Peer 1: 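My questions all concern the structure below.
Hydrogens, waters and symmetry mates are skipped; everything else that's a heavy atom, side chains included, is used. We count residues from 1, following the sequence as given. Note that the structure is predicted; figures quoted are calculated from it, not measured.
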Amino acid sequence: MNVRQLEAFCKVIEGGSMSTAAQALGVTQPAITKSIRLLEESLQILLFKRSGDHLYPTMEAQRLYHNAKKIFEEIECTEKLSKQLKDGRAGTLKVAAAYTMMATFIPDAIQGFRHKFPLVDVQLMALPPRQIVDRVKAHEFDLGVLYEPIVTSNLQKANLCKTEMVCVASRDHAFAKKAIITANDLADQTVISYAEQSYGGSLLKNNCEAVGAPWTVAITVNHTAAALSLVASGMGIGVLDSLALTQEILTHVVVLPFRPVTTLYTNVIYASDRALSPLCKEFITALNLAVKQRLTRCA
């Protein structure tokens with residue numbers, strides 16, 4: 001028994017005659033007749049009975065047909081999937097991202113990407129920046145999304161956006177009506193911000209020192225969402241990345257410009273020793289759109 005014999009068998013069942021099956025497969029009628037005979041000999045089963053000019057499948061043939069049909073449906077699905085893989089419309093995409101990105105714009109990017117490529121499996125993992133860099137270099141992830149600048153020959157980067165650090169205060173805070181908040185204004189305040197060891201925290205410290213302003217953080221965080229919750233509850237005033245702001249949190253807090261200006265660059269990184277796949281390019285496009293929409297909503 002082989003696939004060609006099974007295919008001939010299915011076409012005879014579906015067409016009701018050897019000649020119809022031959023036309024469907026683009027072969028001669030004797031070739032179909034031979035395939036059916038060889039299949040019957042292989043299976044040792046009578047598949048068709050003839051009555052006048054008509055062929056009638058036996059009960060055994062009818063039962064066999066259902067299984068044989070499934071084989072060709074699976075083959076068709078496999079061929080379709082192969083084409084989708086070749087065209088970059090199916091496969092697996094592995095993305096590592098910093099916690100803030102994972103909690104803000106990446107879900108929107110995933111939604112847009114999956115709407116366009118429903119057959120792609122997306123694997124996400126939130127990691128600290130150094131681990132993202134190391135694991136993208138090691139090809140454990142296709143893409144990484146993080147703030148920190150990348151200065152290594154092993155990686156390429158694409159800038160998604162730049163955002164400024166802002167002051168975030170509860171609506172009843174004494175600073176809520178100020179036009180601008182400076183580092184000097186925060187000297188006697190409970191400041192909620194990033195640790196000095198982090199990229200954002202080190203930028204804030206260095207920028208403040210450069211203008212001779214004090215910089216002391218009372219409550220350090222590694223997740224902007226946690227800091228926003230603390231600010232909304234009145235625990236202090238936050239100096240945080242504006243990219244993490246949401247429409248929901250803006251109903252509970254006010255956002256004020258912070259000086260000195262401290263700018264963060266959000267990057268997508270990928271290994272430089274292999275070509276960027278079509279799926280990766282499409283996901284970067286989805287990330288750009290998600291970031292643009294977020295910044296527009298929170299402007």
Peer 1: Do I237 and I192 pass the side-chain contact (heavy atoms from CB on, under 4.5 Å) test, and can you show the C-alpha distance, the side-chain angles, and the key distance before you say yes or no?
Peer 2: CA-CA 6 Å; I237 188 166; I192 303 169; over 6 Å; no
Peer 1: Regarding T163 and Y265, is there a side-chain donor-to-acceptor distance under 3.5 Å anywhere?
Peer 2: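 No.
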Peer 1: How close do V253 and R171 get, heavy atom to heavy atom, and via which atoms?
Peer 2: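 Minimum heavy-atom separation between V253 and R171: O-NH2, 3.3 Å.
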Peer 1: Which value, rounded to the nearest 0.5 Å, describes the distance between N159 atom CG and N267 atom CG?
Peer 2: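 That separation rounds to 5.5 Å.
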Peer 1: Distance check, rounded to the nearest 0.5 Å: Q23 atom CD versus M18 atom CE?
Peer 2: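 Nearest 0.5 Å value for the CD-CE distance: 14.0 Å.
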Peer 1: F72 versus E7: any side-chain heavy-atom pair under 4.5 Å?
Peer 2: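 In short, these two side chains touch, coming nearer than 4.5 Å.
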Peer 1: Around E196, counting heavy atoms of other residues, nucleotides and ligands shown, do more than 12 lie under 6.0 Å from its CD?
Peer 2: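 Open: at most 12 neighbouring heavy atoms sit under 6.0 Å from CD of E196.
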Peer 1: Quick check: is I45 connected to I13 through a chain of hydrophobic side chains (ILVMFWY, heavy atoms under 4.5 Å apart)?
Peer 2: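 Linked within one cluster.
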Peer 1: If only atom types and distance count, is the side chain of S193 paired as donor or acceptor with the main-chain N or O of V239 below 3.5 Å?
Peer 2: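 The answer is yes, because a donor-acceptor pair under 3.5 Å joins these two groups.
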Peer 1: List the steps, then state whether salt bridge (Lys or Arg N to Asp or Glu O under 4.0 Å) holds for R37 with E41.
Peer 2: CA-CA 6 Å; R37 177 175 57 79; E41 291 175 358; 3.3 Å; yes
Peer 1: Using distance only, find each side-chain donor-acceptor pair of residues 118-128 under 3.5 Å and give its atom names and separation, not counting sequence neighbours.
Peer 2:
none

Peer 1: Taking all heavy atoms of A244 and all of T224, pick out the closest pair and write down the distance.
Peer 2: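 Of all heavy-atom pairs spanning A244 and T224, the closest is CB-CG2, 3.3 Å.
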Peer 1: Heavy atoms, side chains only, cut-off 4.5 Å: are L295 and C161 in contact?
Peer 2: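 Touching, per the 4.5 Å side-chain cut-off.
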Peer 1: Minimum heavy-atom separation for T92 and D142, please, with both atom names.
Peer 2: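 Residues T92 and D142, closest heavy atoms: O-OD2, 3.9 Å.
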Peer 1: Establish, yes or no, whether the cationic atom of K178 lies under 6.0 Å from the six-membered ring centre of F175 and within 45° of the ring axis.
Peer 2: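 Relative to the ring axis of F175, which defines the angle, K178 lies inside both limits.
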Peer 1: Before accepting this row, confirm whether a basic side-chain N of the pair D108/K292 lies closer than 4.0 Å to the acidic partner's carboxylate O.
Peer 2: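 Judged by the 4.0 Å cut-off on N to carboxylate O distance, D108 and K292 do not form a salt bridge.
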Peer 1: Ignoring hydrogens and angles, tell me if any N or O in the side chain of T20 forms a donor-acceptor pair with the backbone of G16 under 3.5 Å.
Peer 2: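 No; judged by distance alone, with no hydrogens or angles, the pair does not exist.
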Peer 1: Side chains of K157 and V268: does their closest heavy-atom pair fall under 4.5 Å?
Peer 2: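 SC-SC contact between K157 and V268 ruled out.
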Peer 1: Measuring from L93:CG to L279:CG, what's the distance to the nearest 0.5 Å?
Peer 2: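 Reported to 0.5 Å precision, the distance equals 6.0 Å.
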Peer 1: So for atom NZ, which belongs to K11, do other residues, nucleotides or ligands contribute more than 12 heavy atoms lying within a distance under 6.0 Å?
Peer 2: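 Incorrect, the count does not exceed 12.
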Peer 1: Kindly indicate, with the supporting measurements, whether the criterion side-chain contact (heavy atoms from CB on, under 4.5 Å) is fulfilled by V145 and L160.
Peer 2: CA-CA 9 Å; V145 189; L160 286 178; 4.0 Å; yes
Peer 1: For the atom pair CG (L289) and CD (Q293), what is the distance rounded to the nearest 0.5 Å?
Peer 2: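 The CD atom of Q293 is 4.0 Å from CG of L289, to the nearest 0.5 Å.
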Peer 1: For a 4.5 angstrom cut-off between non-hydrogen side-chain atoms, does L146 reach I269?
Peer 2: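 Side-chain contact under 4.5 Å: yes.
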Peer 1: Rounded to the nearest 0.5 Å, what separates atom CZ in F283 from atom CG in L143?
Peer 2: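 Here the interatomic distance stands at 7.0 Å.
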Peer 1: Say whether Y147 and D241, considering side chains only, have a donor N or O and an acceptor N or O under 3.5 Å apart.
Peer 2: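 Looking only at side-chain atoms, D241 and Y147 do form a donor-acceptor pair, the distance falling under 3.5 Å.
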Peer 1: Indicate if L250 and L228 have the same hydrophobic cluster label, given that clusters are the connected sets of ILVMFWY residues with side-chain heavy-atom separations under 4.5 angstrom.
Peer 2: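 Yes: a chain of side-chain contacts under 4.5 Å links L250 to L228.
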Peer 1: Does the S202 side chain pair with the main chain of S198, one donor and one acceptor, at a distance under 3.5 Å?
Peer 2: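 It does hold such a pair.
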Peer 1: Considering residues, nucleotides and ligands other than E14, do more than 12 of their heavy atoms fall under 6.0 Å from its CD?
Peer 2: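 Counting neighbours around CD of E14, more than 12 heavy atoms of other residues, nucleotides or ligands fall under 6.0 Å, so yes.
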Peer 1: Are any of the side-chain heavy atoms of Q189 and H173 separated by less than 4.5 Å?
Peer 2: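 With C-beta onward as the side chain, the pair touches.
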Peer 1: Applying a strict under-4.5 Å side-chain criterion to I, L, V, M, F, W and Y, I'd like to know whether V3 and I36 cluster together.
Peer 2: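 Yes, V3 and I36 fall within the same hydrophobic cluster.
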Peer 1: How far apart are the C-alpha atoms of K94 and E140, what are their side-chain angles, what is the distance that settles it, and do they pass the salt bridge (Lys or Arg N to Asp or Glu O under 4.0 Å) test?
Peer 2: CA-CA 8 Å; K94 298 180 180 180; E140 294 178 32; over 6 Å; no
Peer 1: Check whether E40 reaches the backbone of L47 with its side chain - one donor and one acceptor, N or O, closer than 3.5 Å.
Peer 2: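 Yes.
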Peer 1: Ignoring hydrogens and angles, tell me if any N or O in the side chain of T182 forms a donor-acceptor pair with the backbone of R259 under 3.5 Å.
Peer 2: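 Not at all, since once roles are kept as given, no pair shorter than 3.5 Å links the two residues.
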Peer 1: Looking at E73 and K69, is any side-chain nitrogen of the basic one under 4.0 Å from a carboxylate oxygen of the acidic one?
Peer 2: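 Answer for the salt bridge query: no.
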Peer 1: Flag yes if L25 and L38 sit in one hydrophobic cluster, no otherwise; membership is Ile, Leu, Val, Met, Phe, Trp, Tyr, and two members link when side-chain heavy atoms are under 4.5 Å apart.
Peer 2: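 Different clusters: L25 never reaches L38 through Ile, Leu, Val, Met, Phe, Trp or Tyr contacts under 4.5 Å.
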Peer 1: Looking only at non-hydrogen atoms, find the nearest pair between C208 and F258 and report the distance.
Peer 2: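 Scanning both residues, the minimum pair turns out to be SG-CZ, 4.2 Å.
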Peer 1: Decide yes or no for L230 and I219: does some side-chain heavy atom of the first lie under 4.5 Å from some side-chain heavy atom of the second?
Peer 2: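 Yes. Closest side-chain heavy atoms under 4.5 Å.
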Peer 1: Side chains of L245 and V168: does their closest heavy-atom pair fall under 4.5 Å?
Peer 2: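 They are in side-chain contact.
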Peer 1: Show, in sequence, the C-alpha distance, side-chain angles and deciding distance for L186 and C167, and conclude whether the side-chain contact (heavy atoms from CB on, under 4.5 Å) test is met.
Peer 2: CA-CA 10 Å; L186 299 177; C167 274; 4.2 Å; yes
Peer 1: Keeping the roles fixed (side chain from T104, backbone from T100), state whether a donor-acceptor pair exists under 3.5 Å.
Peer 2: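 Yes, because the side chain of T104 sits within donor-acceptor range (under 3.5 Å) of the backbone of T100.
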Peer 1: Check for a donor-acceptor pair, side chain of S242 on one end and backbone N or O of V166 on the other, with a separation under 3.5 Å.
Peer 2: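 Not a single qualifying donor-acceptor pair exists.
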Peer 1: Under 4.5 Å between any side-chain heavy atoms of Y194 and L240, yes or no?
Peer 2: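 They are in side-chain contact.
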Peer 1: For V231 and G238, which heavy atoms make the closest approach, and how far apart are they?
Peer 2: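 Scanning both residues, the minimum pair turns out to be CG2-N, 3.5 Å.
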Peer 1: If you look at every heavy atom in T58 and K49, which pair is closest and at what distance?
Peer 2: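 Scanning both residues completely, I find the closest heavy atoms to be CG2-CG, 4.0 Å.
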Peer 1: Nearest 0.5 Å, please: how far is CG in N67 from CG in L6?
Peer 2: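 So the gap between those two atoms works out to 10.0 Å.
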Peer 1: For the hydrophobic clusters of this structure (ILVMFWY residues joined by side-chain heavy atoms under 4.5 Å, transitively), does one cluster hold both W215 and I180?
Peer 2: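 As far as the 4.5 Å side-chain criterion goes, I180 and W215 are not connected within one cluster.
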Peer 1: Just do the side-chain contact (heavy atoms from CB on, under 4.5 Å) check on Y56 and F48 with the steps written out, would you?
Peer 2: CA-CA 5 Å; Y56 297 95; F48 296 96; over 6 Å; no
Peer 1: We want to know whether S272 and N154 form a side-chain donor-acceptor pair, criterion being a heavy-atom distance below 3.5 angstrom.
Peer 2: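 Judged by distance alone, the side chains do not pair up.
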